[in-house]
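First comes the structure, then the notes that go with it.
Numbers restart at 1 for each chain; the letters A, B, ... are given by sequence-line order, proteins then strands. Being a predicted model, the structure only gives us computed values, none of them experimental.
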Protein chains: 2
Amino acid sequence: MDAVPAPRSGGIQSVERAVAALKVFGEDEPELGVTELARRLNLHKSTISRLMATLEAGGFVQQDPRTGRYRLGLQLATLAGRALNQYDLRDVARGALHSLARATGETCNLAVRDGDDAVNIDQALSTNPVKHLGWIGRRLPLHCSAAGKPLLAFAPRTDIERVLALPLVAYTPRTVTDPATMWHELERIRVDGFAVAIEEFEPELTAAGAPVRDHRGEVIATVTVSGPTFRLTPDRLASMAGMLRETADQLSASLGYRAPSPRLGIAAVSSRAFVGSGYASPSLRIDPASAGVDTAPSRPVATATGRRLGPGKRGTLAADIMPTRVQADDRPARPRGAHEEERSTW
Amino acid sequence: MDAVPAPRSGGIQSVERAVAALKVFGEDEPELGVTELARRLNLHKSTISRLMATLEAGGFVQQDPRTGRYRLGLQLATLAGRALNQYDLRDVARGALHSLARATGETCNLAVRDGDDAVNIDQALSTNPVKHLGWIGRRLPLHCSAAGKPLLAFAPRTDIERVLALPLVAYTPRTVTDPATMWHELERIRVDGFAVAIEEFEPELTAAGAPVRDHRGEVIATVTVSGPTFRLTPDRLASMAGMLRETADQLSASLGYRAPSPRLGIAAVSSRAFVGSGYASPSLRIDPASAGVDTAPSRPVATATGRRLGPGKRGTLAADIMPTRVQADDRPARPRGAHEEERSTW
DNA sequence: GTACGCTGTTGCGCAGCGCGCAACGCATGC
DNA sequence: GCATGCGTTGCGCGCTGCGCAACAGCGTAC
């Protein structure tokens, strides 16, 4: 549980320590003293003291002048804003996300993959009074979240195998930890076009998610709807799944994804499921090359409510939505940092 | 414009460089190469290469595998979530903020002071279609933003003097750069209980802001309404100012602020304006000691629309809103980093 | 009142580590 | 195919960051 200083990795030592120190700050312990940090990082407290002083000068932490303890600083929020800002998908999705939130009455999120986590990059809050913590920046495991499972399901086969070979951490009694079971679950997700996670990561919390594809057909993001389990009953979940997939497909279309023969059978779906390169995260800008033909989009499902979502008539073609820069998104599947548990509430 | 490596400040050199490197990434240039970074920081490119490799391992930056260039990583968003999470004020304010956004139809923000900037820590999006960039984490100058001016106006006199002694950067032709003029403007803000900024920081953008006080009467945050100038006409601004102040006062009340004889004259207001310790940012948790008596709250103003805001019946007393931890918020007024321009869109 | 335990900070001096250098591999463009 | 740009990496010097221990401040226990 404690972050040991890492056994000699090639990086710059003091920067590695700075990063590790920042990551120690969690939701449970937003405020940490020098001694406490030193203990957790197995470093001398003088080292931490100097490190914190430097980070404070940069605005990455703030020191409580009374207690002398440190907490994370708002400069992180400023940089995070710029980091999130890169995802033009957010601009495209915002309208649809809010429409979905309004239609369902539940909180909706947009998530991408970052390393071996899903990370929420935008959200539309529930209109329902039950506040459940904000989530932008929150990291969710790939194997037990509605945001993560679609990202994993449509990843390259080798990547799925790698992830399923890792220990599937059980966060609740309902977390699926058996790789074989998870494999079938992922297959179901590829067929159905959406995922459900009922208290698999957090007790009392249920969510559904559907994949968003770019113009090449690669799954680059997930749209999710989440709320308290008591409110997201199975039938409501089923009806929301339809809206969810409509929203996600509409986003995919905005990104230039042309659905390949939408009425293909399930067999065709399953056989074509593994295409593409994997990581969707680094940038969601469009790579003009290679028009994608991939798995079928969500096959039409009976939308219980029959409601259509908001206008969502945002950008029409990827080319004029996305800025000039050209960006690819395949990168080696390098495990990066363990999954961390926290609830960032914004 | 370029960030020189800083002339020997006591901190850890490589960490300082890491921080500086991260801050170089701006909205205008979200993606930077090693050579470019090296040039800007006056460092050898090998140094930057190693630095970036280390930061990437920590998830603070991502490297584009094709171009080799770097951009900010989502780990920053994760940490930022935790940083923002500390501000319990956000939870208290969220409902009121959304109500205000609904009532005005414009985007509303909640900002606190961080160093010599105001930083947005929460927002409620406009229902109007004109999307104007998201703002959480965005830094705004104290002297030319509706978020910043109230924070400055109610700061300790010495702090105001210090800030006004600094060069007041002109971002637009309408930015007030004369300290004497600004001094009177701040006085007006203390009297009126709200600030207005019409294209003083960004062209085409107008905003109004009102101060939020904690139980001691210290101004710890600003509620702002902002939108395109063409939509925020003077009379609309005037009517919104009333709602704005209602919302801010209501938040102050939620924080335990008891308005001291609200019908005091202007003279009394002005003479009592300088109290308190300054920095409102480190934490907005309640210090149970010392019930504050300070400047008068917004004096009643004719609310043109007469509309009341949403229910806003959140927490009732500070004690049960705020978590257990006790926190003070006075810290030396140390200038920290120049103001940076960017538009974080989330 | 005093002594203790705790906190975070700081001067000192050694040596470990991070830097600059230059060479390398690679992609792009003329 | 050379030229030019990029980002990365092995080497070795010497600066820098570390551990040590002493210090100052605070709250508490006796």
### Message
Under a 3.5 Å distance rule, please check whether A:Gln62 uses its side chain to pair with a backbone N or O of A:Arg71 as donor and acceptor.
### Response
no
### Task
Measure the distance from CZ on B:Arg39 to C1' on D:dC6 and round it to the nearest whole Å.
15 Å
### Message
Heavy atoms only, 4.0 Å cut-off, all strands: where does A:Ser49 land among base, sugar-phosphate and nothing?
### Response
base
### Query
How long is the line joining CD1 of B:Ile48 and P of C:dG18, in whole Å?
14 Å
### Query
Across the strands shown, which category fits B:Thr35 at heavy-atom distances under 4.0 angstrom: base, sugar-phosphate, nothing?
sugar-phosphate
### Task
Would you indicate, yes or no, if C:dT9 has its OP1 or OP2 atom less than 4.0 angstrom from a side-chain nitrogen or oxygen of A:Gln63?
yes
### Query
Is there a donor-acceptor pair closer than 3.5 Å between any side-chain N or O of B:Asp117 and the backbone N or O of B:Val119?
no
### Message
Expressed as a whole number of angstroms, how long is the span from A:Ile12:CD1 to D:dC18:C1'?
### Response
16 Å
### Query
Base, sugar-phosphate alone, or nothing: which one does B:Ser46 contact when heavy atoms must sit under 4.0 Å apart?
base
### Message
Tell me whether B:Arg82 contacts the main-chain N or O of A:Lys23 through its side chain, where contact means a donor paired with an acceptor under 3.5 Å.
### Response
yes
### Message
Tell me whether B:Ser252 contacts the main-chain N or O of B:Val212 through its side chain, where contact means a donor paired with an acceptor under 3.5 Å.
### Response
no
### Query
CD of A:Glu56 versus P of C:dG8: gap in Å, rounded?
13 Å
### Pairwise 5' ranking along DNA chain C for B:Lys45 and B:Leu51, keeping only the more 5' one
B:Leu51
### Message
Tell me the interatomic distance from A:Glu31, atom CD, to C:dT7, atom P, rounded to whole angstroms.
### Response
14 Å
#### Entry: Upstream residue (5' side of DNA chain C) when B:Thr47 and A:Thr47 are each assigned their closest nucleotide
A:Thr47
### Message
What is the separation between atom CG on A:Leu37 and atom P on C:dT9, rounded to the nearest whole Å?
### Response
11 Å
### Message
I need the CG-C1' distance between B:Leu43 and C:dC21, as an integer number of Å.
### Response
15 Å
### Query
Considering all heavy atoms of both residues, which atom of A:Leu142 and which atom of A:Asp116 are nearest to each other, and what is their separation?
CG-O, 3.6 Å
### Task
Give a yes/no on whether any side-chain N or O of B:Gln13 is located under 4.0 angstrom from OP1 or OP2 of C:dG18.
no
### Task
Report yes if a side-chain nitrogen or oxygen of B:Tyr70 is closer than 4.0 Å to either non-bridging phosphate oxygen (OP1 or OP2) of D:dC6; otherwise report no.
no
## Note on the structure
Out of C:dG18, D:dA21, C:dC19, minimum distance to the side chain of A:Ser14 belongs to C:dG18
### Task
Record whether the side chain of B:Arg50 comes under 3.5 Å of the base of C:dG20 through a donor-acceptor pair of N or O atoms.
yes
### Query
Which whole-number value in Å describes the distance from B:Leu55 CG to D:dT8 P?
12 Å
### Query
If you check the A:His44 side chain, which of C:dA22, D:dC20, D:dC18 turns out closest?
D:dC20
